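Take a look at the structure set out below.
When a residue number appears, it is its place in the shown sequence, counting from 1. Any value given below was found using the heavy atoms of this structure, including those in side chains, with hydrogens, waters and symmetry copies removed. Note that this is a predicted model, so its numbers are computed, not measured. Both counts, for ligands and for their atoms, begin at 1 and track the order of listing.
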Amino acid sequence: MPQTNTLLLNCTAATMAGAGYGLIPQATIACENGRIAWIGPARDCPRAFAAFRPHDLGGRLVTPALIDCHTHLVHGGNRANEFEMRLKGATYEEVARAGGGINSTVTATRQASVDELVASALPRVDAALAEGVSVLEIKSGYGLDTETELNMLRAARRIPRKRNVVVVTSFLGAHAIPPDYKGRADAYIDDVCIPALRAAHAEGLVDAVDGFCEGIAFSPAQISRVFDVAKELALPVKLHAEQLSNLHGAELAARYGAMSAEHLEYVDEAGVVAMARAGTIATILPGAFYTLREKQAPPIDLFRKYGVAMAVSTDMNPGSSPLSSLLMAMNMACTLFRMTPEEALAGVTVHAARALRLADHGTLATGQVANLAVWNATHPAELAYRIGFNPLHERIIGTVA
Ligand code: DI6
Ligand code: FE
């Protein structure tokens, strides 16, 4: 039996519970059977925990382990050539319409076996874990046929057998129109997307249903038909909305009680109000904005005004956001979008957990899962502040290894 009861001593805890960072200086944290049994100032620690194995954190900062709530990290191949094309003047949409973009990753992903998908994903998983990540959301969406959509999700489900990480899956069959359905998006939804969703769900591969609502992808009416099936299967929904234009995807997402709407550069006030009413989280993805050299930032002030909680994520994918660093995403959210370091940290902890409906993750409090990140830092603002520097000291997943 591994020792599961640990007493973490001598740290500053940013609990992310309650208002702001929820800082506890000189904190003690008791971890029992993978959960936090007690957290508070050292001087108040009940004697009952004195028998736990002590682990001195040397005065370091402790936060909830980080959560990357929007990734496409399982995929075949890469698109460095399109990076070059775009830098020579082509736009993301032009590359996509010329048969590149998402569809070029589809070709590479269809050629890969589940084992190959897992093997190529693991270095990206490891990069995330090295920055203190304990939960990864992973989408399908580069198969666009039933077999490959299922293979992507099977690969995602296998990752926790290889690494100590929680994986939450999203079915993203409505990601792009494959070449054989060009001009027949509705037929693709009926013939492929919905049957693939049903098959993936029957195999227990789907935790949520996602879509790409955009001029180069699917209309709100098409996404609605997929979401109706999600509803029938009692699966929660989320949506790539308003990334490149405003199709009112955020309102559509809110109508279905979506967990989150993502990107949102072009969302308007009515969309934000609808999200606020539905409790839909805004997932901010600065990596795609940066990579595509977009000009319009998401309306952070409107999210603040209407109390829409903001998650921050990498959107780790081979095209629009080849970003695996969640710390870098936090920095970009601050520098590009003027989020505060506190909002950025909430975005990768408490609000990312809410965006995945993982109520017992993302904060440090009694009863929560004892997944923590220990940093060579003294104040949590340091996490978003440095660029290309990884201050992680250790990841504690349930107990000290
Ligand atoms: N929006 C994105 O940012 C990714 N998918 C999506 O719907 C892009 C995926 C890619 O370019 O491969
Ligand atoms: Fe995405």
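For E214, no heavy-atom contact with ligand 1 is shorter than 4.0 Å. When non-hydrogen atoms are compared, ligand 1 lies under 4.0 Å from the side chain of D315 (C-beta onward) but not from its backbone.
Not a single N/O/S atom of H263, whether from backbone or side chain, sits less than 2.8 Å from the Fe ion (ligand 2).
With 3.5 Å as the limit, one finds a donor-acceptor pair spanning the side chains of D315 and H72. Between the side chains of T148 and D145, at least one donor N or O sits under 3.5 Å from an acceptor N or O. Side-chain atoms of T146 and E149 form no donor-acceptor pair, as typed in the model, at a separation below 3.5 Å. Using a 3.5 Å distance cut-off with no hydrogens or angles, the side chains of E116 and S120 do not pair a donor with an acceptor. No side-chain donor from either of S313 and T283 sits under 3.5 Å from a side-chain acceptor of the other.
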Check your understanding: After noting the C-alpha distance and the side-chain angles of H201 and F171, does the key distance pass the ring pair (Phe, Tyr, Trp, His ring centres under 6.0 Å) rule?
Key -> CA-CA 9 Å; H201 174 67; F171 175 84; over 10 Å; no
Practice item. Show the numbers, then the answer: is there a side-chain hydrogen bond (donor to acceptor under 3.5 Å, both in side chains) between S134 and R395? Key: CA-CA 8 Å; S134 66; R395 223 170 55 107; 5.6 Å; no
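Per-residue contacts place H72 under 4.0 angstrom from the following atoms of ligand 1 (heavy atoms of the residue considered): 4 (C), 5 (N). Close approach to H263 involves these atoms of ligand 1, each under 4.0 Å from a residue heavy atom: 1 (N), 2 (C), 3 (O). Here is the list of ligand 1 atoms found below 4.0 Å of a heavy atom in R79: 10 (C), 11 (O), 12 (O). Annotation for ligand 1: atoms under 4.0 Å from non-hydrogen atoms of Y142 are 9 (C), 10 (C), 12 (O). Of all atoms in ligand 1, numbered sequentially from 1 with element shown, those under 4.0 Å from a heavy atom of Y92 are 8 (C), 9 (C), 10 (C), 11 (O).
Among the atoms of S320, some N or O lies under 3.5 angstrom from an N or O of ligand 1.
The protein non-hydrogen atom at the shortest distance from atom 5 (N) of ligand 1 is H175 NE2, 2.7 Å.
Heavy atoms of T105 stay at 4.0 angstrom or farther from ligand 1.
Between I36 and the options T363, V369, I29, a side chain to side chain contact (heavy atoms under 4.5 Å, CB included) holds for only I29.
To the nearest 10 degrees, the Fe ion (ligand 2) sees NE2 of H70 and NE2 of H240 at an angle of 90°. Take the Fe ion (ligand 2) as the corner point: the lines to NE2 of H72 and to OD1 of D315 open at 90°, to the nearest 10 degrees.
When E262, H240, H75 are checked for heavy-atom proximity to atom 6 (C) of ligand 1, H240 turns out nearest.
Taking both residues in full, the closest heavy atoms of M152 and G143 are given as SD-N, 3.7 Å, listed atom of the first, atom of the second, then distance.
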